[in-house]
Amino acid sequence: MADATNKPGVDFIRARIIEDNATGRYNGRVHTRFPPEPNGYLHLGHAKSICLNFGVAKEFSGQCNLRFDDTNPTKEEQEYVDSIRCDVRWLGGDWQDREFYASNYFEQLYAYAEQLISLGKAYVDDLSAEEIREHRGTLTEPGRESPWRNRSVEENLDLFRRMRAGEFADGQRVLRAKIDMASPNLVMRDPTLYRIRHAAHHRTGDTWCIYPMYDYTHCLSDSIEGITHSLCTLEFVNNRELYDWVLETLGAYRPQQIEFARLNLTYTVLSKRKLIQLVKEGHVQGWDDPRMPTLCGLRRRGVPPEALREFCSRIGMARADSTVEYSMLEFCMREHLNANAARALAVLDPIKVVVENYPEGQVEEFDMPYHPEDKSYGSRKVPFSRELFIERDDFRMEPPKKYHRLAPGAEVRLRYAYFITCREAILDDAGNVVELRCVYDPESRGGQSPDGRKVKGTIHWVSAPHAVPAEIRLYDQLFAAENPNAAPEGQTFLDNINPESLMVVEGQLEPALATLPVGEKIQFERLGYFCKDKDSSAARPVFNRTVTLRDTWAKQEKKS
RNA sequence: UGGGAUGUAGCCAAGUGGUAAGGCAACGGACUUUGACUCCGUCAUUCGAAGGUUCGAACCCUUCCAUCCCAGCCA
């Protein structure tokens, strides 16, 4: 056991669990929870927590609950709980029948609060929010006690019951823990436990007009559910003292809170406030805009859940603040998609090619494998004719050194089809290439010449009369700056939005692509991975680019 | 300025007294009917800094420095 904790790859949380199991601290039980507040959509930061909590439970034959931390009725909505359920399931979190809500425990929490009052550990305070703030002191000065701090248990009980009964207006009184107004930890300076809010709750309706605060609710919810390891992010380190205080004071079962660093990613923002702003101000087209780091956005973009899980495992788990490079995420997308996406041909920026020596009106079909390394994907027939489209970038009037695509007089292979040689480029008045006149070598059918002659380049193509036009959405980073939050004086993260984060082009697809189901992921050979979007219609498919293929040539060319 | 947390390569991250894992990125090269994939190679004499203890320190001690979190009736 002890040596298992020293194995590389075991993070500090798992090491702790192994140790707890070894000492029998929870009798070998491992029970975690993923506790989102239903006030927004889940994003990559939550993915880290989902993978941790559900992952740990699975690895140690334990359980993980889904718990909605719904203690603030003014911010929470059913829409969010629905989306959260959907996103967690998509990522692979399985909470079985253990879907809980902090609001399930309101009655129990209330009883505990009365107990705290009876113990002389909580009191009703008449101070206003502002007065409480003034009494709290500052980072360097101790706070002052409220004049209402030493009311009798009877008076406190009476007042608290009347708070519940709705006798007071919002903000008129709160229930506070009686701890230590001079504590160097501000969280411990008589924290608020209950506040009055005459607001309908999305689950409990008008049953309550007082609502418990996070610090009071979370520890007790964990305790009630028998959680063993309560995993949360670093900003809650200061709250742990209160977490323990509440449970200890009430003599309740005590799980342990363990904090880890939250995820930061380059070229993106992961704060709920900023994400909401992007949606509300129309900088993106919604929570599921494929440029959003939300789970629904990533899903729509075509990112497989497996890639996200792999990403979460690769970034590790530690307590140091960190910012992971976006390229790590891209690597995980490509790694999974390369092994799991079928291939097809699509031309996104077409130039017409006329194969002069190919008989007019003739059409033949090539059988092409859907996956070059996995025969189980099968194959499909792709039509070939006298008129084709190839990628504009695959032709140069004056090819640079080491360019092994098409140029006047140059020969290339059309993927799985024939060798062609360019005879002539037809230009318009502005000097743009409008058409290429080529000849093919009939002997090279399938892409190999019997004389053993080699061509360096292989390019993709579609048959013009058979091609299916489609809307292709080319996504790039939403932000142009590595750290969008580092905006110059007088600017905000919004000024770092990448104006070219979305480019829409009209592409030409091979026919088999027309019938793909929405959500299907596919590699357009030599271009990248794409996913059919829900905006598709029968007449007009729409594809989102998930991520490009690595492009060593483009990088090399840019350098010189 | 009080308290808490954290500093290992461009990024993430192991390592917890015996002489710096791994991954991403980058850069070379091989292979290639995707300039993809795959494969091979290069990439920390040094662990925030300075002192100290020790035969031996990224690990222990001291001081300092830097970054992050906390003054909601948000979570």
Side-chain angles (χ1 to χ4, degrees), chain A residues 6-11 35-37 39 69 71-72 74-76 125 127-130 132-134 136-143 170-176 183-189 191-197 210-211 213-215 217-218 232-241 259 261 266 272 311 313-332 334-335 338-339 343 345 372-373 402-405 412-417 419 446-448 454-460 523-528 548-557:
Chain A
N6 293 327
K7 267 186 201 153
V10 174
D11 58 65
E37 181 188 15
N39 70 340
D69 222 333
T71 58
N72 186 352
T74 60
K75 286 190 171 178
E76 298 149 7
D125 196 343
L127 253 30
S128 68
E130 195 170 324
I132 287 180
R133 180 165 21 93
E134 286 162 3
R136 186 150 26 228
T138 68
L139 294 177
T140 51
E141 306 155 28
D170 287 6
Q172 204 172 127
R173 290 183 225 266
V174 290
L175 183 72
R176 289 229 259 168
S183 173
N185 181 357
L186 294 251
V187 171
M188 299 300 276
R189 318 244 263 228
T192 300
L193 267 22
Y194 271 88
R195 75 285 215 184
I196 300 170
R197 279 254 210 291
I210 57 173
Y211 290 93
M213 299 286 289
Y214 164 84
D215 282 309
T217 307
H218 205 91
C232 62
T233 43
L234 242 24
E235 65 268 30
F236 291 102
V237 170
N238 294 321
N239 302 246
R240 188 174 64 226
E241 193 179 354
E259 311 84 8
T266 56
K272 214 171 254 186
F311 174 70
S313 116
R314 275 175 188 264
I315 59 177
M317 189 59 63
R319 283 170 73 83
D321 293 319
S322 62
T323 302
V324 176
E325 288 180 349
Y326 193 84
S327 58
M328 185 93 91
L329 215 208
E330 286 188 319
F331 173 84
C332 295
R334 292 187 183 118
E335 183 188 44
N338 176 50
R343 316 288 143 118
L345 302 183
E373 284 152 28
K402 291 199 186 153
Y403 182 85
H404 38 246
R405 279 115 95 148
V412 295
R413 170 168 37 235
L414 295 176
R415 179 80 160 153
Y416 296 125
F419 288 2
Q448 264 168 312
K454 300 269 188 251
V455 291
K456 270 174 284 179
T458 301
I459 65 174
H460 56 98
Q523 181 191 108
F524 290 171
E525 292 213 29
R526 301 212 301 134
L527 297 173
T548 61
L549 255 33
R550 279 187 58 198
D551 193 345
T552 314
W553 166 248
K555 194 189 290 177
Q556 209 177 103
E557 199 182 19

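Values below: every heavy atom of this structure, side chains too, minus hydrogens, waters and symmetry copies. Chain naming here is simple, since letters A, B, ... match the order of the sequence lines and numbering starts at 1 in each.
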Q: Can you tell me whether the side chain of A:Gln523 and the base of B:U34 have a donor-acceptor pair closer than 3.5 Å?
A: yes

Q: Using only side-chain N and O atoms of A:Lys555, determine if any of them is under 4.0 Å from OP1 or OP2 of B:G35.
A: no

Q: Where the side chain of A:Leu186 is concerned, which of B:C12, B:A71, B:G35 is the nearest nucleotide?
A: B:A71

Q: For A:Met213 and B:A71, give me the distance from atom CE to atom P, rounded to whole Å.
A: 11 Å

Q: In terms of side-chain heavy atoms of A:Phe236, which of B:A75, B:G23, B:C37 is nearest?
A: B:A75

Q: Within less than 4.0 Å of OP1 or OP2 of B:G72, is there a side-chain N or O belonging to A:Arg136?
A: yes

Q: So that I can tick it off, tell me whether A:Arg415 and A:Glu525 are bridged by a salt bridge, with the cut-off set at under 4.0 angstrom between side-chain N and carboxylate O.
A: yes

Q: Would the distance check show the side chain of A:Glu76 and the main-chain N or O of A:Asn72 forming a donor-acceptor pair, the cut-off being under 3.5 Å?
A: yes

Q: When you measure from the side chain of A:Arg133, which nucleotide among B:G72, B:G7, B:C37 comes out closest?
A: B:G72

Q: A:Asp69 has an atom CG; how far is it from atom P of B:A75, in whole Å?
A: 8 Å

Q: Start at the 5' end of RNA chain B and walk down; is the nucleotide closest to A:Gly316 or to A:Arg405 reached first?
A: A:Gly316

Q: For B:A75 and A:Arg195 - does any side-chain N or O of the residue sit under 4.0 Å from the phosphate oxygens OP1/OP2?
A: yes

Q: Please state whether the base of B:G7 and the side chain of A:Asp321 form at least one donor-acceptor pair under 3.5 Å?
A: no

Q: Could you please name the partner base of B:A49, counting Watson-Crick and G-U wobble pairs only when both distances are under 3.5 Å?
A: B:U63

Q: Under the 3.5 angstrom rule, does the side chain of A:Arg319 hit a backbone N or O of A:Glu259 as a donor-acceptor pair?
A: yes

Q: Is there a donor-acceptor pair closer than 3.5 Å between any side-chain N or O of A:Thr233 and the backbone N or O of A:Glu235?
A: no

Q: Go through B:C74, B:A5, B:U34 for me and flag the one nearest to the A:Arg197 side chain.
A: B:C74

Q: Can you tell me, in whole Å, how much space there is between the P of B:C68 and that of B:C61?
A: 26 Å

Q: Using a distance-only criterion (donor-acceptor N/O pair, under 3.5 Å, no hydrogens), is the base of B:G10 paired with the side chain of A:Glu325?
A: yes

Q: Looking at B:U6, B:A14, B:C69, which one has an atom nearest to any side-chain atom of A:Ala318?
A: B:A14

